[in-house]
Amino acid sequence: MEFVIITIFPEFVEQVFKWGILRRAVEAGKVSYRLVDPREFTADRHKSIDDVAYGGRPGMVMMCEPIFKAMEVLEAQDALKESRRFIHLTPTGRLLNWEIAEDLASNDQLILLAGRYEGIDQRVIDTFADDEVSIGDYVLSGGELAAMVLVDAIARFIPEVVGNEQSVTQDSFSTGLLDHPHYTRPASFNGMEVPEVLLSGNHAEIEKWRRQQAEQLTRLRRPDLWERHISGKSDGNGKRSGGK
Ligand code: SAM
């Protein structure tokens, strides 16, 4: 999987590939990335990438030309893969969730377009975007953090990126429920004890406890997920269905 990220702050975005699981994935060749700065594709000496909005509204808009030019150069370099999706990060996009991340992980290449200012000239979106994704109902000052969130969430679904494969299938949302609480040593800390069942060695009881905790948490915190879970909208593996 290659992530191509179009951003005016490439050094900032690059940080997501420099730490933890993603750094190891890059080193192991499971994930690669290319950072494309629209400023490199400007014609004027100020390297302008924004201009005032037609119709008169405060704030600037990212211009068409540098992004079109960047795409042209990628095409000319034969850097665009057959199986790719171009995603515009925007608060007006569909809300990112587990299923969207899993679905996007099946592509060979994801081109992520991070906006700034009031956003990007609509003609860029109309020409290139296959999808528009929001990471939540709030407005960030730029799409870089959203792109980084997307990269991290998607990379977890790429085979062998997460060390213990099982942890992905046991995480929150994968079974339609939130995850249960976790404990590690010591068994007693500052008068707080690890639930006894976890020390019992009885795997059936441990599984039962975890399931009960997961169900209780989901019911309390995410009634929307709980409703979906009990209405049986899941596939044979207990995975959630739909949402694409
Ligand atoms: N005028 C836009 C609106 O009201 O929808 C907000 C523009 S925002 C200040 C600048 C850029 O940040 C956007 O172009 C987008 O790329 C990014 N952005 C902001 N919030 C986001 C979110 N919730 N999800 C994804 N991207 C977001």
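The residues of the chain are indexed from 1 along the displayed sequence. When a ligand or atom number is given, it counts from 1 through the structure's own listing order.
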Nearest heavy atoms of V61 and A53, plus distance in Å: CG2-CB, 3.7 Å

For E2, the option from R84, R34, R85 that meets salt bridge (charged side-chain N to carboxylate O under 4.0 Å, His left out): R34

Atoms of ligand 1 close to G115 [distance to a heavy atom under 4.0 angstrom, numbered from 1]: 11 (C), 12 (O), 14 (O), 16 (O)

Atom 24 (N) of ligand 1 [closest protein heavy-atom partner, distance rounded to 0.1 Å]: I135 N, 3.1 Å

Region of V133 that comes within reach of ligand 1 [heavy atoms, distance under 4.0 Å]: backbone

Sub-3.5 Å N/O-N/O distance, L140 and ligand 1: yes

Sub-6.0 Å ring centroid separation between F68 and F41: no

Numbering as shown, the atoms of ligand 1 that approach G136 to under 4.0 Å (heavy-atom distance): 23 (N)

Set of salt bridge (Lys or Arg N to Asp or Glu O under 4.0 Å) partners for E227, sequence neighbours left out: none

Ligand-residue contact atoms, ligand 1 with V139, heavy atoms, under 4.0 Å: 6 (C), 8 (S), 9 (C), 20 (N)

Closest protein heavy atom to atom 16 (O) of ligand 1, given as residue, atom name and distance to 0.1 Å: L89 O, 2.7 Å

Under 4.0 Å to a heavy atom of G119 - the qualifying atoms of ligand 1, by number: 14 (O)

Check: L95 main-chain N/O paired with S134 side-chain donor or acceptor under 3.5 Å: no

Shortest protein contact, atom 18 (N) of ligand 1 (heavy atom only): P91 CD, 3.8 Å

Nitrogen or oxygen atoms of E118 and ligand 1 under 3.5 Å apart: yes

Y138 neighbourhood, listing ligand 1 atoms whose heavy-atom distance to it stays under 4.0 Å: 20 (N), 22 (C), 23 (N)

Whether over 12 other heavy atoms sit under 6.0 Å from R123 CZ: no

Where ligand 1 meets A146 - atom numbers and elements under 4.0 angstrom, heavy-atom basis: 25 (C), 26 (N)

Winner among G143, A114, S134 once heavy atoms are compared against atom 17 (C) of ligand 1: G143

F128/F86 aromatic ring centres below 6.0 Å: yes

For Y117, atoms of ligand 1 separated by under 4.0 Å from a heavy atom: 7 (C), 8 (S), 9 (C), 10 (C)

Close side-chain approach of R211 and E207, heavy atoms under 4.5 Å: no

Whether N97 side chain and I100 backbone form a donor-acceptor pair below 3.5 Å: yes

Heavy atom of protein closer than 4.0 angstrom to atom 26 (N) of ligand 1: yes

Side-chain heavy-atom pair D108, E82 within 4.5 angstrom cut-off: no

